[in-house]
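Okay, so here's the structure we're looking at.
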Amino acid sequence: RTPATARSCRSIHPPSATMSAIMEKIASIELELSRTQKNKATSTHIGSLNARLAKLRRELIEPTGKGGPKGEGFDVTKTGDCRVGLVGFPSVGKSTLLSQLTSTESEVAAYEFTTLTCIPGVIHYQNAKIQLLDLPGIIEGASEGKGRGRQVIAVAKSSDLILMILDATKSEAANSQYAHKEILTRELEAVGLRLNQAPPRIYIKPKHQGGTQINNTVAGGLTKMTESTILKVLAEYKIHHCELLFREDCTVDQLIDALEGNRKYIRCLYVYNKVDVLTIEEVDSLSKRPDSVCISCFLELGYEPLLRRMWDSMGLVRVYTKKTGNKPDFVEPVVLADHRGGCSVKQFCNQISTALAKQLKYAQVWGTSTKHMGQRVGVKHTLQDEDVVQIVKGDKSNPEDLAGRFSTTKRNDPARIADRVKKAKLKS
């Protein structure tokens, strides 16, 4: 092979070569982490390795190169008031659950990987429309692209809630050796998803000079990492001048998440299917676990508690509209949520029209969020579930006409003093 041919061959497949090199580096760092004992003496070294691992995984998910073919994703239009994604291993009952909760028919068979694309359905629950997505089953190594794992996890990132469907016969309650829950959690966390966690309360302000200033407002100080560990992690990200404020006792992983800035914190419910083959004691132990729901698609059991837990986990707030002189519309509410901009009157107006909040004079609210019925509130008022809101618009006036008497900027003043028009002299 000539040198020119070798150069052309190398230029054809640069992304795969880069991807394999990154995966080799990740494997070597994970091997070193597994061999390193965890104690106070090695905490700084472990923090540095975790920072390198996070940077490599970010390059693996978001490659910086422009070459290579564009990947195929799932083109699913977001409809309804919220989106729920079904994530799990193959043949755990995701398609059966979608077919029974919605009017959409998803193919069901006795073999694995029956579903090869994303199939959407809509659940009508408490006057709200919940979009349910049946995603293909993911396997171990999905974060590295195995079995279209990246496309599945990308759709899961856009969801308001994740339902992790698990086989109850392969859970710890049934004395099984399968660790499906841990494997799925690890694969989702590898691509930046944080399940049932809150964002770390860490304030970071980069500077151009002055060194690194580390402060905290924690009673008793930071106990989960030392100052040398923090400086080592910051050095991995080439941050040598910054202000760092900890408002809670955080771990090294939480500091790395705050430095990365691309983490998605999302609620997750662990749904155990096929509980009809377990004993009462095993079902009781599964149902007492946090964020866990037991169902049986074969007997159609546990669907109402599942829908209720889904509603509570997403924290949806239904707000009904009312026109002046008319009765409220209790058919189609405006659905708000804290994780999607909040539940204020301003967000309610923006949900209807982006220009409505600017035209708002005041709003009248009937419901549990007010002290009396028909109370007048402003844009910062927080609405609660099943409130009734009536919008009252103000007069359409020019914003320039609202300038105060002592305003520092006059509309007709010249830009320079020399351009002022001198008054004529008085005639004597």
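The figures here come from the full heavy-atom set of this structure, side chains too, leaving out hydrogens, waters and symmetry mates.
Residues Leu184 and Leu166 are in side-chain contact: their nearest non-hydrogen atoms beyond the backbone lie under 4.5 Å apart. Side-chain contact between Leu135 and Leu86 is absent, with no heavy-atom pair separated by less than 4.5 Å. A heavy-atom distance below 4.5 Å is not found between the side chains of His241 and His208. With contacts defined as side-chain heavy-atom distances shorter than 4.5 Å, the pair Gln390/Thr324 qualifies. A 4.5 Å side-chain heavy-atom check between Val345 and Leu360 finds at least one atom pair inside the cut-off. A 4.5 Å side-chain heavy-atom check between Thr229 and Leu255 finds every atom pair outside the cut-off. Residues Ile295 and Leu97 have side chains in contact (heavy-atom distance under 4.5 Å, counting atoms from C-beta outward). Using a 4.5 Å cut-off on side-chain heavy atoms (C-beta onward), Arg263 and Pro199 make no contact.
Between the side chains of Asp329 and Thr321, no donor-acceptor pair of N or O atoms lies under 3.5 Å. No hydrogens or angles considered: a donor-acceptor pair under 3.5 Å links the side chains of Thr169 and Asp167. In this structure, a donor-acceptor pair under 3.5 Å is absent between the side chains of Ser344 and Thr382.
The number of heavy atoms from other shown groups lying within 6.0 Å of CZ (Phe330) is above 12. Around atom NZ of Lys129, no more than 12 heavy atoms belonging to other residues, nucleotides or ligands sit under 6.0 Å away. Atom NZ of Lys358 is surrounded by 12 or fewer heavy atoms from other residues, nucleotides or ligands within 6.0 Å. Atom CD of Gln126 is surrounded by more than 12 heavy atoms from other residues, nucleotides or ligands within 6.0 Å. Around atom CD of Glu227, no more than 12 heavy atoms belonging to other residues, nucleotides or ligands sit under 6.0 Å away. The neighbour count for Lys274 NZ, taken as heavy atoms of other residues, nucleotides or ligands under 6.0 Å away, is above 12. Under a cut-off of 6.0 angstrom, the local environment of CG in Leu299 is crowded, with over 12 non-hydrogen atoms contributed by other residues, nucleotides or ligands.
Proximity of a side-chain donor or acceptor of Asp160 to a complementary backbone N or O of Arg83 within less than 3.5 Å is detected. Listed for the Asn127 side chain is no donor-acceptor partner under 3.5 Å among the backbone atoms of Pro333. Although no hydrogens or angles enter the test, the distance criterion places no donor-acceptor pair under 3.5 Å between the side chain of Asp284 and the main chain of Ile280. Checked by atom type and distance alone, the side chain of Arg194 pairs as donor or acceptor with a backbone atom of Glu189 at under 3.5 Å. Judged by distance alone, with hydrogens and angles left aside, the side-chain atoms of Lys346 form no donor-acceptor pair with the main-chain N or O of Asn350 at under 3.5 Å. Judged by distance alone, with hydrogens and angles left aside, the side-chain atoms of Ser99 form a donor-acceptor pair with the main-chain N or O of Ser95 at under 3.5 Å.
At a threshold of 4.0 Å, the pair Arg308-Asp312 does not count as salt-bridged, since none of the basic side-chain nitrogens sits closer than that to a carboxylate oxygen. Looking at Arg318 and Asp81, no side-chain N of the basic residue comes within less than 4.0 Å of a carboxylate O on the acidic one, giving no salt bridge. The pair Asp249-Lys224 does not count as a salt bridge, with every side-chain nitrogen at least 4.0 angstrom from each carboxylate oxygen.
Here the closest heavy-atom approach between residue Thr368 and residue Asp385 is recorded as OG1-O, 4.4 Å. Scanning both residues, Glu248 and Arg201, for their nearest heavy atoms gives OE2-N, 3.1 Å.
Between His180 and Phe89, the angle of the ring planes stays under 30°, which puts this pair in the parallel group of the 30/60° scheme.
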